Amino acid sequence: MKKIEDIDIMTVMERIPHRYPFLMIDRIEEVVPYEHAIGIKCVSINESFFQGHFPRKPIMPGVLIVEAMAQTAGVMVVTSLGPESEGKLVYFMSVEEAKFRRPVFPGDRMHIRVNRRQNRGMVWKFFGEAFVEDKLVAEATFSAMIRDS
């Protein structure tokens, strides 16, 4: 499959239904349909979750890092399946073996890489990793189902 590079935020929002404050990716650097995708999240102190997690030591919640992986995977799925799947919902079915290696702070630029493990029909399984400055911050295996909204 042909590699697609640099999907901007407007195209990301065409492909997945997430919006502020729950849109956890800013752009996609690369998609190889049915294989992998690389997403970018520029973590800002203005993120709503930093108001409570934690006010004196802001750290991005691990579950939101996994959500960023899932949104990156969602863009890859829609890109793979084509325009007729744009705007459909991608529901988590499982998260396995999630590991959080280092905290993610405001000002960090997180690179998210997801690899398709398998898919059957509308059920997809992925392995995701998140990096800050080439250091692994989190990883997880997860599955999701794409459905009509």
Side-chain angles (χ1 to χ4, degrees), residues 1 4 7 9 11-55 57-82 85-149:
M1 287 280 169
I4 300 162
I7 298 173
I9 189 63
T11 305
V12 166
M13 291 192 303
E14 289 172 8
R15 297 198 178 162
I16 61 175
H18 304 79
R19 297 294 180 266
Y20 179 84
F22 216 72
L23 183 58
M24 295 293 143
I25 53 176
D26 295 315
R27 62 185 260 253
I28 301 291
E29 283 191 334
E30 175 181 302
V31 173
V32 176
Y34 297 97
E35 289 184 24
H36 74 265
I38 300 170
I40 300 294
K41 171 65 177 167
C42 298
V43 182
S44 166
I45 191 62
N46 295 322
E47 307 285 351
S48 62
F49 51 80
F50 285 136
Q51 293 176 13
H53 200 271
F54 299 101
K57 180 82 170 167
I59 298 171
M60 186 173 184
V63 295
L64 296 182
I65 297 170
V66 174
E67 177 65 25
M69 292 178 196
Q71 290 180 17
T72 300
V75 172
M76 187 203 64
V77 168
V78 171
T79 301
S80 300
L81 296 176
S85 62
E86 286 183 2
K88 290 190 177 186
L89 298 178
V90 180
Y91 294 104
F92 264 131
M93 295 177 65
S94 69
V95 177
E96 305 164 27
E97 302 175 26
K99 296 178 181 145
F100 304 100
R101 308 286 186 185
R102 298 172 179 267
V104 175
F105 300 107
D108 285 345
R109 181 181 165 122
M110 193 167 56
H111 287 74
I112 303 129
R113 182 176 177 99
V114 294
N115 292 294
R116 180 189 63 87
R117 289 268 171 96
Q118 67 183 32
N119 67 290
R120 290 189 184 130
M122 292 295 122
V123 177
W124 295 63
K125 189 169 188 174
F126 303 92
F127 176 70
E129 296 175 301
F131 298 87
V132 173
E133 296 180 4
D134 297 324
K135 294 183 177 126
L136 182 65
V137 296
E139 61 187 290
T141 299
F142 56 96
S143 62
M145 176 185 290
I146 187 167
R147 305 225 11 187
D148 290 328
S149 51

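For reference, positions follow the sequence shown, starting with 1. Owing to the predicted nature of the structure, the values given are computational and were not obtained by experimental measurement.
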Shortest non-hydrogen separation from Phe50 to Ser44 and the atoms involved: CE1-O, 3.1 Å

Spatial distance of atom CE (Met13) from atom OH (Tyr20) [nearest 0.5 Å]: 13.5 Å

Electrostatic pair Glu29:Arg109 at N-O distance under 4.0 angstrom: yes

Non-hydrogen side-chain atoms of Ile16 and Ile25 separated by less than 4.5 Å: yes

Lys135 vs Arg101 side-chain heavy atoms within contact, under 4.5 Å: no

Salt bridge flag under 4.0 Å for residues Lys41 and Glu47: yes

Donor-acceptor contact present, side-chain Tyr91 to main-chain Met145, <3.5 Å: no

Ring pair (Phe, Tyr, Trp, His ring centres under 6.0 Å) involving Phe22 - partner list, sequence neighbours excluded: none

Trace of the side chain to side chain contact (heavy atoms under 4.5 Å, CB included) decision for Asn115 with His36: CA-CA 4 Å; Asn115 292 294; His36 74 265; 3.2 Å; yes

Nearest non-hydrogen partners of Ser85 and Leu81, listed with the distance: OG-CB, 3.5 Å

Rounded distance [0.5 Å steps], CD1 in Ile112 versus CD in Glu67: 10.5 Å

Exceeds 12 heavy-atom contacts within 6.0 angstrom, atom CD of Glu96: yes

CZ (Arg120) with more than 12 external heavy atoms under 6.0 Å: no

Where Ala37 and Val31 come nearest, the two heavy atoms and their spacing: CB-CG2, 4.0 Å

Whether Arg147 side chain and Met122 backbone form a donor-acceptor pair below 3.5 Å: no

Worked verdict on Val63 versus Phe100 for side chain to side chain contact (heavy atoms under 4.5 Å, CB included): CA-CA 10 Å; Val63 295; Phe100 304 100; 5.7 Å; no

Pairwise distance CZ(Arg113) to CD1(Ile38) - rounded to 0.5 angstrom: 4.5 Å

Close side-chain approach of Ile4 and Ile28, heavy atoms under 4.5 Å: no

Gap between atom CD of Glu129 and atom CD1 of Ile65 - 0.5 Å precision: 13.0 Å

Minimum-distance pair of heavy atoms, taken over all atoms of Ser80 and Pro33: OG-CA, 3.3 Å

Side chain to side chain contact (heavy atoms under 4.5 Å, CB included) evaluation trace for Val114 with Phe127: CA-CA 6 Å; Val114 294; Phe127 176 70; over 6 Å; no

Taking every non-hydrogen atom, the tightest pair across Phe126 and Arg116: CD2-CA, 3.9 Å

Spacing of CD belonging to Glu35 relative to CE belonging to Met76, to within rounding of 0.5 Å: 9.0 Å

Donor-acceptor contact below 3.5 Å, side chain Asp108 vs main chain Val132: no

Audit row: Ile7, Thr79, side chain to side chain contact (heavy atoms under 4.5 Å, CB included) steps and yes/no: CA-CA 10 Å; Ile7 298 173; Thr79 301; 4.2 Å; yes

Shortest non-hydrogen contact from Ala140 toward Val95: CB-CG1, 4.4 Å

Test applied, side-chain contact (heavy atoms from CB on, under 4.5 Å); reference residue, Val78; option that passes from Glu86, Lys88, Glu14: Glu86

Rounded distance (nearest 0.5 Å) linking atom CZ of Phe92 with atom CE of Met69: 9.0 Å

Mutual orientation of the aromatic rings belonging to Tyr34 and Trp124 [parallel < 30°, tilted 30-60°, perpendicular > 60°]: parallel

